[in-house]
Amino acid sequence: MTVREIFDTMSYGLAPESAATANAWLDDHNRRFGMFVNGQWLQPSDAKYFDVIAPATGEKMAEVVNGTAEDVDNAYKVAKKAFKGWSQTADHERARILYAIARGIQKHHRLLAVVESLDNGKTIRESRDIDIPLVARHFYHHAGWAQLMARELPGYGPVGVVGQIIPWNFPLLMMAWKVAPALAMGNTVVIKPASATTLSALLFAEIAAEAGLPPGVLNVVTGADGVGKAIVAHGGFDKLAFTGSTGVGKSIRRITAGSGVKLSLELGGKSPFIVFDDADIDAAIEGVVDAIWFNQGEVCCAGSRLLVQENISAAFYDKLKRRMDTLRVGHSLDKNVDMGAVVDQRQKETIERWIEIGLAEGADLYVAKCEMPSEGVFVPPTLLTNVEPASSVVQEEIFGPVLVGMTFRMPAEAIALANNTRYGLAASIWSENINLALDVATKVKAGSVWINSTNLFDAASGFGGYRESGFGREGGREGLFEYVKPAGHKRIQAEIPEVENWGERVYGRPGGGSSVASNGLVDRTAKMYIGGKQARPDGAYMYPVVNPKGEIAGRAGDGNRKDIRNAVEAAHAAKGWADRTPHNRAQILFYMAENLAARADEFAQQIRRMTGRTLKSSKEEVDLAISRLFTYAAYADKHGGTVQETTLYGLVVALNEPVGVIGIACPDEHPLLGFVSLLAPAIAKGNTTVVIPSEKYPLSATDFYQILDTSDLPGGVINIVTGGRDHLSKTLAGHDDVDAMWYFGDAVGSQQVELLSANNMKRTWVTYGQQIDWLDEGQAAGDEFLRQATQVKNVWVPMGE
Ligand code: NDP
């Protein structure tokens with residue numbers, strides 16, 4: 001091509017990045033890699049190997065070990081041994097090592113970027129300018145957290161040995177997101193990279209060792225999904241962290257149910273990209289490019305669902321198609337391309353299958369008229385319009401460069417469409433009206449919301465999902481709690497017997513008590529409380545509340561599935577509670593405390609009658625319940641969030657949002673205080689609740705609705721369903737419209753709740769039968785309760801014209 005022709009067309013020539021250093025590194029290893037365990041390359045004599053293929057060319061780059069369950073166990077033992085030393089290493093020493101790793105990443109920046117691009121197919125522009133700088137930033141930031149651990153997280157220690165499983169879309173970045181906080185907090189790690197992209201993890205392990213990370217602190221076991229399964233099934237790991245598909249995430253939740261393992265899951269997404277008619281259209285078009293064609297659309301938080309306000313949609317889609325035609329697709333090392341290869345042939349076929357499904361469902365297809373490489377696995381930028389909100393291509397994650405586009409008329413419709421998904425990872429909102437954009441940002445259910453921007457990340461801001469996008473955060477202060485536990489806290493590894501028909505209940509058993517407590521209330525049957533009204537149990541069954549002497553202290557409704565479903569419906573109808581001002585919620589909690597104080601004697605008598613405890617101890621329980629209501633009235637307006645100190649010129653605001661509808665199964669100990677200690681943090685932070693009070697001693701809770709009735713609490717915020725704790729928990733834990741389940745019961749129930757929760761990936765908080773001292777404010781109130789009652793949403797607001 002002549003210079004003249006180039007001027008005429010303004011087209012780009014090839015600008016390849018050199019692969020020389022990467023090739024030299026591969027050659028140094030004879031293009032055959034062992035696993036990196038205990039600071040050494042490990043190639044078992046009987047090891048099997050698989051090929052590392054460059055997706056842009058189909059060429060074989062190297063071979064890596066296909067690890068086994070035995071290799072996982074070996075690495076675990078090494079990491080366990082190393083934990084003794086690393087967890088005792090001074091904060092400053094760990095900080096120095098993490099800092100040295102960050103420096104090492106910067107030193108090997110180019111090598112890492114080239115290896116990453118060759119192995120994954122992503123463009124060098126992105127690996128060089130986005131992935132690797134973010135990796136270094138993550139280690140710098142967490143070097144800081146290591147330094148400050150004792151000061152900033154007093155009373156917390158490392159969790160132990162951590163098993164981590166990562167995907168292929170951002171191989172090194174996902175590794176950094178997991179490894180940096182784990183090491184900073186004094187844990188040791190066994191990590192499995194995706195089989196499609198192993199090289200940068202191995203290179204990283206080498207760099208970390210060079211930076212002085214002691215042997216055994218970080219171990220890399222390569223292999224296929226069998227290695228991942230072995231990590232999950234191993235049983236020894238104290239914490240598992242997974243990023244990948246929602247299907248595998250759910251299976252991990254089920255397999256680990258009841259094991260007491262700490263779990264964080266970063267799963268799929270189908271994130272909305274909302275364009276209002278007053279948006280800066282040119283900027284929004286570039287935003288779409290970054291949202292869905294960044295990293296070939298193989299991004300969990302890709303803005304893959306475009307929602308454009310109807311009055312500008314024709315012009316917008318027209319402009320978008322013209323922009324699509326100018327995108328360049330090509331070899332990952334060409335510095336001028338916008339999109340590289342997808343990760344492998346299998347992923348290419350998956351993406352193409354989704355496009356066919358879209359067409360079969362009646363979508364209109366637009367494919368960018370860009371030149372496509374003749375070899376390698378590439379998919380062009382693709383747009384599907386004329387789709388329905390319920391179309392599979394609108395609901396399911398495609399994980400490729402395929403955008404689906406719809407329109408909306410009013411902001412409320414945009415919000416409804418945005419939330420019409422089982423996922424909740426991210427959202428992007430475009431409008432020059434900041435009031436509108438912020439309003440929508442608070443109403444969209446997603447862990448990260450970008451205003452007039454998209455796909456922004458930083459180590460100081462936690463990333464993670466709502467709903468079926470998983471739970472847990474990576475990055476920021478909020479992410480640290482995934483890798484710490486209260487010092488001295490032992491993981492509960494209960495022997496859980498096999499149970500059949502957990503939570504089955506036989507209704508209408510007669511009797512239960514030998515005589516009658518002298519309270520004059522025996523014939524009174526406490527009703528349940530749903531939607532702010534007393535409710536008779538659907539099945540009309542009652543059960544006797546029997547005190548330790550065998551006397552009947554009263555009767556309570558024996559609730560069933562229908563009662564729970566009604567209560568969940570009422571809790572949903574009351575969700576406006578979250579929009580009340582924190583001050584208003586505080587006022588109501590104070591008022592509840594005041595009303596309880598006015599009837600303290602009556603409540604103490606009830607506790608005494610039910611539990612057989614002394615009046616003094618019953619009074620103490622009531623007093624503490626009043627104090628705990630004060631605690632959460634105080635916290636109602638003191639746990640709102642923070643401004644994150646990221647690299648963005650703008651505001652990144654971490655909001656502690658309510659989780660939604662929380663199911664709460666209360667303990668039997670301290671029937672009033674346990675009940676109040678759990679529902680108060682939940683409602684203080686704007687959640688609505690379905691509470692199953694102590695099965696044994698439910699009458700404090702049923703008396704409590706008189707307090708609720710006189711405290712201005714809107715109906716439906718607290719719903720009380722009495723009956724069999726496990727029977728009712730079973731329906732709550734499996735209910736798709738419940739967002740979290742707290743279960744303060746035995747190990748079997750805890751396991752079952754975790755198992756059932758995987759249906760919709762609701763968050764769970766279970767105690768495996770471990771007793772909490774409800775009288776101890778340190779154990780029974782505070783941070784952990786507030787964290788369980790909230791989820792962090794980071795809203796990114798760039799500044800400047
Ligand atoms: P997976 O969820 O299967 O893989 C992610 C990681 O988990 C890989 O390291 C994988 O190993 C490992 N793994 C696979 N199966 C298991 C298992 N049963 N137990 C433990 N570990 C396991 O994603 P895929 O690579 O198969 O991609 C499939 C789809 O998942 C994509 O099309 C996309 O929709 C979605 N996805 C989402 C990601 C996200 O960030 N949200 C990331 C990647 C994929 P190996 O690679 O060796 O099989």
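Quick caveat, the model's predicted, so the values are computed rather than measured. All ligand and atom numbering here is 1-based and tracks the order in the structure.
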Within-4.5 Å side-chain heavy-atom neighbours: V220 and V37: no
For G228, the ligand 1 atoms whose distance to one of its heavy atoms is below 4.0 Å: 19 (N), 20 (C), 21 (N)
Any donor-acceptor N or O pair under 3.5 Å, side chains E266, W177: no
Side-chain donor/acceptor of N760 to backbone N/O of V738, under 3.5 Å: yes
For atom 14 (C) of ligand 1, the protein heavy atom that lies nearest, with its residue and separation: D225 CB, 3.4 Å
Taking atom 43 (C) of ligand 1 as the reference point, the nearest protein heavy atom with its distance: P167 CB, 3.4 Å
For atom 33 (C) of ligand 1, closest protein heavy-atom neighbour: F399 CG, 3.2 Å
K178 side chain to T243 side chain, donor-acceptor N/O pair below 3.5 angstrom: yes
Distance flag, aromatic centroids of F204 and F139, threshold under 6.0 Å: yes
Residues, nucleotides or ligands: over 12 heavy atoms within 6.0 Å of E352 CD: yes
For atom 19 (N) of ligand 1, the protein heavy atom that lies nearest, with its residue and separation: K229 CG, 3.6 Å
Protein contact to atom 26 (O) of ligand 1 [nearest heavy atom, distance to 0.1 Å]: R346 NH2, 3.4 Å
More than 12 heavy atoms from other groups under 6.0 Å of CD on E70: no
Ligand 1 versus E396: contacting region, heavy-atom distance under 4.0 Å: neither
Per-atom contacts of ligand 1 with G223, taking only distances under 4.0 Å to non-hydrogen atoms: 47 (O)
cation_pi(R473, F463) dist<6.0 Å, angle<=45: no
Ligand 1 contact by F170, heavy-atom criterion under 4.0 angstrom: no
Under 4.0 Å to a heavy atom of L267 - the qualifying atoms of ligand 1, by number: 41 (N)
Geometric cation-pi criterion K348 and F378, 6.0 Å radius, 45° cone: no
Taking atom 40 (O) of ligand 1 as the reference point, the nearest protein heavy atom with its distance: C300 CB, 3.2 Å
4.5 Å side-chain heavy-atom contact, D119 and V52: yes
Validation row: V232, I165 side chains within 4.5 angstrom (heavy atoms): yes
Presence of salt bridge, R125 and D338, under 4.0 angstrom: yes
Ligand-side contact atoms (ligand 1) for residue partner T243, heavy atom cut-off under 4.0 Å: 5 (C), 40 (O)
Mode of V248 contact toward ligand 1 - side chain, backbone, both, neither (heavy atoms, under 4.0 Å): side chain
Where ligand 1 meets G268 - atom numbers and elements under 4.0 angstrom, heavy-atom basis: 41 (N)
Nearest candidate to atom 11 (O) of ligand 1, where distance is taken over non-hydrogen atoms, out of K192, Q347, E397, E266: K192
I165 neighbourhood, listing ligand 1 atoms whose heavy-atom distance to it stays under 4.0 Å: 6 (C), 7 (O), 9 (O), 12 (C), 20 (C), 21 (N)
W168 neighbourhood, listing ligand 1 atoms whose heavy-atom distance to it stays under 4.0 Å: 24 (P), 25 (O), 27 (O)
K239 with E482: basic N within carboxylate O range, under 4.0 Å: yes
Per atom 6 (C) of ligand 1, closest listed option by heavy atom (T350, N169, I166): I166
Selected option - heavy-atom contact closest to atom 1 (P) of ligand 1, from S245, S195, S251: S245
Numbering as shown, the atoms of ligand 1 that approach A224 to under 4.0 Å (heavy-atom distance): 47 (O)
Contact bool for atom 4 (O) of ligand 1 (protein heavy atom, d < 4.0 Å): no
